[in-house]
Amino acid sequence: MSEVAEENKKKAADDMPDWSDYRGVMIVVEQRAGKAASVSLQLLGEGRKLADKLETELMALVIGHDVRHLAEEMIYYGADKVYVSDAPELKDYRTRPYSRVCLQVLRDVKPEIVLQGATATGRDLAGAIATHLPTGLTADCTILDVEPHPSRLLLASRPAFSEKMLATILCKQYRPQMATTRAGVFEALPRDTTRTGEVITVENTMKEEEIAAKVLRFIEETERFNLEDAEIIVAGGRGLGGPEPFKMLQDLADALGGVVGASRAAVDAGWIEHKHQVGQTGYTVRPKLYIAVGISGAVQHLVGMQNSDLIVAINRDPDAPIFKTANYGIVGDLFQIIPALTAAVKEKRVLIPQSSAQEGVTHGKI
Amino acid sequence: MLHIVVCVKQVPDSREIRIDPKTNTLIRQGVPAIANFYDMHGLEEALRIKDEKGAVITVVCMGPPPAEKSLKECISLGADRAVLVTDRGFAGADTLATSYVLGLTIQKVAAEFGPVDIVFCGKQTLDGDTGQVGPGIACRLDLEQLTYVQKVEKIDQEARRITVHRHLEDGVEVVETAMPVLITALKEMNKVRRAPLPGMIRAAKFKPVIWTTQDFPGLERAKIGLKGSPTIVSKTWVPEQRHVDTEMIAADTPQATAGLLVDKLWQTELPQRFGWANGSEV
Ligand SMILES: Cc1cc2nc3c(=O)[nH]c(=O)nc-3n(C[C@H](O)[C@H](O)[C@H](O)COP(=O)(O)OP(=O)(O)OC[C@H]3O[C@@H](n4cnc5c(N)ncnc54)[C@H](O)[C@@H]3O)c2cc1C
Ligand SMILES: Nc1ncnc2c1ncn2[C@@H]1O[C@H](COP(=O)(O)O)[C@@H](O)[C@H]1O
């Protein structure tokens, strides 16, 4: 492998080609039924920072049917320029027609950076486009940065080795530099309706007869549950002792406007479904408030929730490792604390007078 | 008869990798090499199709010679043949270079053993962890691409069409498309069988077909291995454990303790942000 290492060094030392034709940051927007995915809005927020640092434009590409209104929305959320391809053939996401439009835009516009959400659709599309162009693509990033002019390199960092490490990936010899990013990691800018920008129409050139794939139906998840995007999570572990006490957690979550999460021990015991699991083999979450109840705080759990803004731990064992990561800790019996906490929250909410109500407070992370 | 190719990578079981707390480096020692488990769900689906309709299954793997072990495992489960693509020249490949080589490999498989109807890949690997190689192969071979598949609903051999369920964040999408097709498998797709005894006996003696760079006449050197890989890992690090000053909250009764915590929460921006402060009853 020493040969490889040698070559690697040589490659890194190579002067970078002249990329002055490639400018701007492009966000490929994901939408369903005319509503943008939250990860796309979050990416506009992050893309804005990168574009400002590079002193260049932030662009968005919207593909779909009856999606023209999204152009304006993307500008409100930070874009300077929005490319829109709106056609009946583009109603549902299908790899071929969507990648055709994308490639056409990327080849014409030549952005230096192209970002999209690391969702099923985002990864499907990004994987196809990057191979066609061809260029480098970094999956599932959680940290983005750029080196300023003249290198203008995208520093795309992502978890590696089952979340135990982070790696920064560069793409020096190809443009654009592409990455997909996890949902819930970056923050969207507040929607600013005074922002203005340019909207450019892109023709769809693919006819229905040329598209083999047909979307027959879409079965929407009946219970709209999205742990990754949740801003408040009340999570339970083995300490709950069974499925019943999760109802108690649900009451507290309801009182706070949050959702219920779980440790693997609780999921493995069959007390709650896997889609609630936080951690290495579950979801990585980053809520504003995470309440860990009867969870010991194993590393595999911590990697999934340690970036929460505020962490509260409730555990009867004063030496439970979860307390090291928590901002507030309560040593005690969860069966006593949780009902008391739910009652206290409800009481507090009733006591505060109406006058302090705030206009336009949002619940979702958008 | 259907010809199905399954792409299987041998990977270190990264779930078992630990970090040395003193040096902040990976402890790779003793980490077992396994067949990427998502890929085995792709193989299982191929085997089910074979059981039901009859099919020939070719497993392909790019990797160092010890990867033979994973190919033997596939044979023991019921795959018909296995190809190991191995050469120092392929080392250091990222997803772009890997999909180039696997694309050529599948082309060669089709040329030598018959046209391919379905290619299975795993959703992603445990080590590369990108899910990009599948779409990359589809793109290079101009195949229809169906990613994140949790169920194959129907294969119509006459019409050469296939219907699958794709699992997306917000629901399940039922899609029908033309074969040849590349499918990436989720673990929800099926339960992987155990190897039967005759399979294990067959696997013990089995030697995979080995192809090196020499076996691909049209191979472009600039597109393989490290040279053919646009992405460069510039650094890796262990994220620092965030240091927090934990404030313990305690009072005489659970009610009083809960009250103290709620007071703390109400001193943050949370009530404003979530409208807890709007006085509405919950
Ligand atoms: C490869 C691998 C991947 C993994 N992935 C994940 C993952 O994604 N997510 C995950 O969570 N884990 C994961 N784990 C498992 C992890 O190592 C721990 O086993 C798990 O997180 C423990 O769950 P727990 O904290 O609920 O249970 P325990 O460790 O048993 O902790 C229960 C806690 O509840 C407290 N308790 C009990 N009764 C009460 C009470 N009445 N009141 C208050 N407190 C009480 C106890 O003091 C204890 O601290 C993984 C492990 C491996 C090997
Ligand atoms: N070296 C390889 N040999 C065979 N199949 C591979 C290889 N690398 C990736 N694959 C296939 O591509 C899928 C996605 O890999 P990745 O993009 O690395 O996450 C895997 O689940 C495998 O099916």
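Computation of the quantities below employed the complete heavy-atom set of this structure, encompassing side-chain atoms and omitting hydrogens, waters and symmetry-equivalent molecules. Sequence lines set the chain letters: A, B, ... in the order given, protein chains first and strands last, and positions in each chain run from 1.
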Just how far is it from atom [atom1] of [X] to atom [atom2] of [Y], taken to the nearest 0.5 Å?
X: B:T147; Y: A:D124; atom1: OG1; atom2: CG; result: 3.5 Å
X: A:L166; Y: B:T236; atom1: CG; atom2: OG1; result: 9.5 Å
X: A:I219; Y: B:H165; atom1: CD1; atom2: NE2; result: 5.5 Å
X: B:C139; Y: A:I129; atom1: SG; atom2: CD1; result: 10.0 Å
X: B:T231; Y: A:K172; atom1: OG1; atom2: NZ; result: 12.5 Å

*For A:L341 and B:V262, what are the C-alpha separation, side-chain angles and deciding distance, and is it a side-chain contact (heavy atoms from CB on, under 4.5 Å)?*
CA-CA 7 Å; A:L341 195 52; B:V262 168; 3.7 Å; yes

Check each atom of [X] against the heavy atoms of chain A and say whether the ones under 4.5 Å are side chain, backbone, both or neither.
X: B:D142; value: both
X: B:I162; value: neither
X: B:S99; value: side chain
X: B:D129; value: both
X: B:A178; value: both
X: B:T268; value: side chain
X: B:T184; value: neither
X: B:L96; value: side chain

_Check against side-chain contact (heavy atoms from CB on, under 4.5 Å), B:T130 and A:D140_ = CA-CA 7 Å; B:T130 77; A:D140 245 359; over 6 Å; no

In the structure I gave you, are the side-chain heavy atoms of [X] and [Y] within less than 4.5 Å of one another anywhere?
X: B:T177; Y: A:K214; value: no
X: B:L168; Y: A:R32; value: yes
X: A:K348; Y: B:W266; value: yes
X: A:I311; Y: B:V244; value: no
X: A:H132; Y: B:R140; value: no
X: A:L310; Y: B:L265; value: yes
X: B:V174; Y: A:F218; value: no
X: A:L256; Y: B:F274; value: no

*Does any donor atom in the side chain of B:Q145 or A:R96 lie under 3.5 Å from an acceptor atom in the other side chain?*
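B:Q145 vs A:R96: no donor-acceptor pair found between side chains.
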
*Is there a donor-acceptor contact under 3.5 Å linking the side chains of A:N226 and B:E169?*
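Note: A:N226 and B:E169 side chains miss the donor-acceptor criterion.
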
Residue [X] versus chain B: region with a heavy atom under 4.5 Å:
X: A:Y328; value: both
X: A:I143; value: side chain
X: A:Q300; value: side chain
X: A:D333; value: neither
X: A:S157; value: side chain
X: A:V303; value: neither
X: A:T135; value: backbone
X: A:A160; value: neither

_Please determine whether side-chain contact (heavy atoms from CB on, under 4.5 Å) holds for the pair A:L289 and B:L270, giving the CA-CA distance in whole Å, both sets of side-chain angles, and the decisive distance to 0.1 Å._
CA-CA 8 Å; A:L289 174 62; B:L270 294 172; 4.1 Å; yes

Which atom pair, heavy atoms only, marks the closest approach of [X] to [Y]?
X: B:P254; Y: A:A340; result: O-CB, 3.8 Å
X: B:G136; Y: A:T131; result: CA-OG1, 3.3 Å
X: B:P135; Y: A:A128; result: CB-N, 4.0 Å
X: A:A120; Y: B:R166; result: O-NH2, 4.3 Å

*asked:* Using a 4.5 angstrom heavy-atom cutoff, name the option from A:Q177, A:R217, A:Q280 with the most pairs to chain B.
replied: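 Ranked by contacts with chain B, first place is A:R217.
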
*Taking A:I232, A:N307, A:T121 one by one, which has the highest count of heavy-atom pairs under 4.5 Å against chain B?*
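Answer, by heavy-atom pair count under 4.5 Å with chain B: A:I232.
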
Under 3.5 Å: donor-acceptor pair, side chain of [X], backbone of [Y]:
X: B:E144; Y: A:A212; answer: no
X: B:Q132; Y: A:L137; answer: yes
X: B:W237; Y: A:M165; answer: no
X: B:T246; Y: A:A326; answer: yes

*Can a salt bridge be assigned to the pair A:K288 and B:E269 using a cut-off of 4.0 Å between side-chain N and carboxylate O?*
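No salt bridge links A:K288 with B:E269.
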
*Is any NZ, NE, NH1 or NH2 atom of the basic residue among A:R94 and B:E176 found under 4.0 Å from an Asp or Glu carboxylate oxygen of the other?*
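No, no charged N to carboxylate O under 4.0 Å.
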
_Top contributor to chain A contacts, counting heavy-atom pairs under 4.5 Å, from B:T257, B:D94, B:L261, B:T253_ =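 Most pairs with chain A among the choices: B:L261.
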
*asked:* Is there a side-chain contact (heavy atoms from CB on, under 4.5 Å) between A:R123 and B:Y148? Walk through the geometry before answering.
replied: CA-CA 10 Å; A:R123 282 170 143 214; B:Y148 307 96; 2.9 Å; yes

